[in-house]
Amino acid sequence: MSLAILIPLLPLLATVIVLVGEPETQRERSRLGALPLAAAFVGSLITLVLVASEGAITIRFYDPSSIANLALPLGFHIDRLSAVMMVLISGVGAIVYGYSVNYMFQDRGYRRFLALIGFTTFVLLCMVSSINLVMLFVFWQLLSYLLALLAHNLAHAATLEGAFRTFTLLRVGDVAFLAGIVLAHALYGTIEFHELFSRAAETPITLSPLPGIEMTGSTAVTLLIFIGAMSKSAQFPLHIWLPQSLYAPTPVHALLHAGIINAGGFLINRLAPLYGLSPPSLHVAFVIGTLTAFMGASMMLAQNDIKKTLGFSTIGQMGYMIMECGLGAFALAIFHLLAHGLFKATVFLNCGNVIHKARQEPLVPPTRPAAEEIKFSRLTWTTGFFTILLMPLIILLAAHGALQIHMLDSQGSVIFLFFIWVTSTQAILTLTRLRGVASWKVSGAMLLILLFVVFTYLFAAERFTEFLYPDRAEVAAYFKAAALPGPLFDGIVVMTTVLIVLGWFYLYARTRRERMPIPPWVERVRASLYLLFMNRLYLDVAYSKLGAAIMRQAYRFDRSRLGRML
């Protein structure tokens with residue numbers, strides 16, 4: 001039996017180390033508990049190398065051909081996707097645990113909190129290495145319970161309310177996920193991943209859930225499972241649990257990025273062959289992801305709380321991840337998942353340091369000299385603007401000339417090019433707000449960031465895609481299934497391009513107000529939108545009223561004669 005099975009058990013060992021022993025030795029034992037997590041990270045790296053060179057590792061504790069043994073269908077299947085996720089989970093888990101040993105010390109629930117971190121890491125490792133749908137769902141659901149338990153300070157009313165809302169909304173997704181599994185087994189007679197994919201491809205089934213509406217069996221299954229992905233990855237309109245959970249300790253939100261909040265991207269990739277059979281499901285994922293990315297980013301810009309700003313930023317980034325899945329760029333979604341997970345987990349831990357220092361300040365807020373107004377730099381603006389306009393040509397030259405990558409063979413290739421351009425634009429636009437730095441340095445940083453982003457995304461387009469999905473025909477089939485109608489796709493690209501260019505001119509106009517006055521109606525619209533997004537589209541109020549209405553109807557039904565009879 002492969003030693004890979006020990007990797008998920010190591011974080012569980014850390015939990016046992018924390019929980020046993022006397023309170024006097026709690027600090028020392030907590031530090032000792034970091035060793036199994038570090039060992040799990042090293043083991044995950046070794047497993048990634050072995051899987052990449054020798055193939056997937058499968059460990060089965062049951063006979064899939066025997067119905068009697070299906071009561072406990074446990075086992076592990078570690079392929080390249082699982083191994084990559086295990087490296088992320090164990091790495092972030094070890095860092096968050098080590099940080100929490102000091103950050104949470106002297107907290108009343110110190111030992112319980114560290115034990116939950118170890119147990120959550122164990123659950124995540126088991127989830128990404130699950131051998132079938134049922135085992136994946138069991139650990140997926142355990143994560144929903146753990147998210148509520150990790151709220152930690154249940155004596156605080158807002159924390160308790162956030163934990164309850166998290167638990168409730170995740171239940172919605174879990175029920176839909178379970179319904180998808182039941183439907184998949186009813187249609188195809190299996191819960192094994194590869195067997196499910198082959199049967200769905202070989203025997204297309206048509207369903208008619210409502211009169212006049214028909215859909216394939218793969219579409220029905222993937223749409224139900226996608227609702228589960230939506231809830232866990234905080235997709236609109238099931239995103240409101242994440243802002244409510246921000247009262248939890250900061251390390252919890254760093255741990256979210258180890259595979260909890262981004263579990264939706266992993267789930268869709270794990271079922272990629274099934275989603276590849278269902279263009280409607282991919283189109284739904286694209287629409288939901290795009291809407292979530294826009295909403296999350298817009299609401300982030302209007303927040304005045306550091307954790308809420310980071311929380312809505314995460315919602316927006318998860319929208320990008322789901323949108324990439326909806327476009328058929330499954331490998332790009334995993335690349336995004338890894339990069340954002342490592343980056344945002346570190347940012348949340350640094351956020352904990354900022355909050356800790358702010359609590360120690362004698363003055364709130366501290367009195368400091370007022371920051372100077374941002375001075376307009378024609379060199380910075382010109383460099384950024386023309387870099388953005390020339391970037392598509394630079395990307396094409398780099399792809400065809402330097403890397404010998406044929407990037408214009410399909411709509412999917414254009415998607416990679418466009419994501420390079422949009423990501424670089426966001427980074428360069430952010431640099432225009434640097435204070436106290438020479439203009440030539442900012443312009444140089446813009447060009448360096450351009451080169452870094454271009455070659456990073458080209459690596460994701462070519463090498464990382466080949467690593468996760470070695471079969472080029474499979475990748476092409478995913479892009480073909482997700483392909484949008486030509487005019488619609490071109491319209492989206494053109495519209496986004498126009499908005500980006502207008503954004504640069506708006507930046508110029510706001511900075512040089514005396515030369516390019518902004519029409520008053522533009523400022524009024526901007527103020528109205530700011531108020532709307534600052535209040536998070538008033539969705540919290542709408543959900544509260546909806547919940548109260550449902551409770552009133554349930555109470556009336558309970559008091560009715562029919563309710564008493566039942």
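Sequence positions, counted from 1, serve as the residue numbers for this chain.
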Test item: His283 and Val287 side chains (from C-beta on) under 4.5 Å apart, heavy atoms: no
Side chains of Leu242 and Leu256 in contact at under 4.5 Å (non-hydrogen atoms): yes
Minimum-distance pair of heavy atoms, taken over all atoms of Ala229 and Leu267: CB-CD2, 4.2 Å
Backbone of Ser231 reached by a side-chain donor or acceptor of Trp241 within 3.5 Å: yes
Pairwise distance CG(Leu116) to CG(Leu150) - rounded to 0.5 angstrom: 5.0 Å
Exam field: side chain Lys307 to backbone His253, donor-acceptor pair closer than 3.5 Å: no
Minimum-distance pair of heavy atoms, taken over all atoms of Gly265 and Ile322: N-CD1, 4.3 Å
Side-chain heavy atoms of Phe113 within contact of Pro249, under 4.5 Å: yes
Result of checking Leu337, Ile334, Val84 against Asn269 for side-chain contact (heavy atoms from CB on, under 4.5 Å): Ile334
Donor-acceptor pair, side chain of Arg80 and main chain of Phe467, under 3.5 angstrom: yes
Closest non-hydrogen atom pair between Phe76 and Pro8, with its separation: CE2-CG, 4.1 Å
Close aromatic pair by centroid cut-off 6.0 Å: Phe236 and His239: yes
From CA spacing to verdict: side chain to side chain contact (heavy atoms under 4.5 Å, CB included), Asn132, Leu136: CA-CA 6 Å; Asn132 54 55; Leu136 192 155; over 6 Å; no
Which atom of Leu223 lies closest to which atom of Ser281, heavy atoms considered: CG-OG, 3.5 Å
Geometric class of the Phe348/His257 ring pair [parallel <30°, tilted 30-60°, perpendicular >60°]: tilted
pair Tyr97-Leu255: side-chain heavy atoms closer than 4.5 Å: no
Under 3.5 Å: donor-acceptor pair, side chain of Ser298, backbone of Met295: no
Side chain to side chain contact (heavy atoms under 4.5 Å, CB included) evaluation trace for Lys232 with Ile261: CA-CA 6 Å; Lys232 197 76 79 186; Ile261 186 70; over 6 Å; no
Stepwise side chain to side chain contact (heavy atoms under 4.5 Å, CB included) test for Trp140 and Leu143: CA-CA 5 Å; Trp140 178 280; Leu143 282 179; 5.7 Å; no
Side chain Thr222, main chain Tyr275, donor-acceptor under 3.5 Å: no
Straight-line distance of Leu124 CG to Ile260 CD1, nearest 0.5 Å: 5.0 Å
Spatial distance of atom CD1 (Ile89) from atom CG (Leu37) [nearest 0.5 Å]: 12.5 Å
Any donor-acceptor pair under 3.5 Å from Tyr99 side chain to Leu349 backbone: yes
Criterion side chain to side chain donor-acceptor pair (under 3.5 Å) on Ser44 and Ser90, from CA distance to verdict: CA-CA 7 Å; Ser44 298; Ser90 57; 3.3 Å; yes
pair Leu468-Thr465: side-chain heavy atoms closer than 4.5 Å: no
Min side-chain heavy-atom separation Phe122-Leu9 under 4.5 Å: yes
Any donor-acceptor pair under 3.5 Å from Ser233 side chain to Met230 backbone: no
Ile46 vs Val42 side-chain heavy atoms within contact, under 4.5 Å: yes
With Tyr145 via ring pair (Phe, Tyr, Trp, His ring centres under 6.0 Å) - residues at least two apart: Phe167
Atom pair CD1 (Ile7) and OG (Ser129), whose distance is rounded to the nearest 0.5 Å: 9.0 Å
Any donor-acceptor N/O pair, Thr47 side chain to Ala83 backbone, under 3.5 Å: no
Inter-residue atom distance Ile17.CD1 - Leu114.CG, 0.5 Å rounding: 12.0 Å
Leu48 CG to Leu88 CG distance, which is reported to the nearest 0.5 Å: 12.0 Å
Residue pairs, two or more places apart or on separate chains, that pass side chain to side chain donor-acceptor pair (under 3.5 Å) and touch residues 328-346: Ser313-Lys344, Thr314-Lys344, Gln317-His336, Glu324-His336, His340-Lys344
Thr292 side-chain N/O to Gln235 backbone N/O, donor-acceptor pair under 3.5 Å: no
Heavy-atom pair of closest approach, residues Val92 and Ala345: CG1-CB, 3.9 Å
Side-chain heavy atoms of Val128 within contact of Phe139, under 4.5 Å: no
Side chain to side chain contact (heavy atoms under 4.5 Å, CB included) assessment of Phe533 paired with Leu301: CA-CA 8 Å; Phe533 288 121; Leu301 294 173; over 6 Å; no
Least distance between heavy atoms, Ala258 atom then Asn262 atom: C-OD1, 4.2 Å
Whether Phe137 and Phe177 hold their rings parallel, tilted or perpendicular, with breakpoints at 30° and 60°: perpendicular
Verdict with supporting geometry, Ser82 and Arg270, side chain to side chain donor-acceptor pair (under 3.5 Å): CA-CA 9 Å; Ser82 298; Arg270 172 54 73 213; 2.5 Å; yes
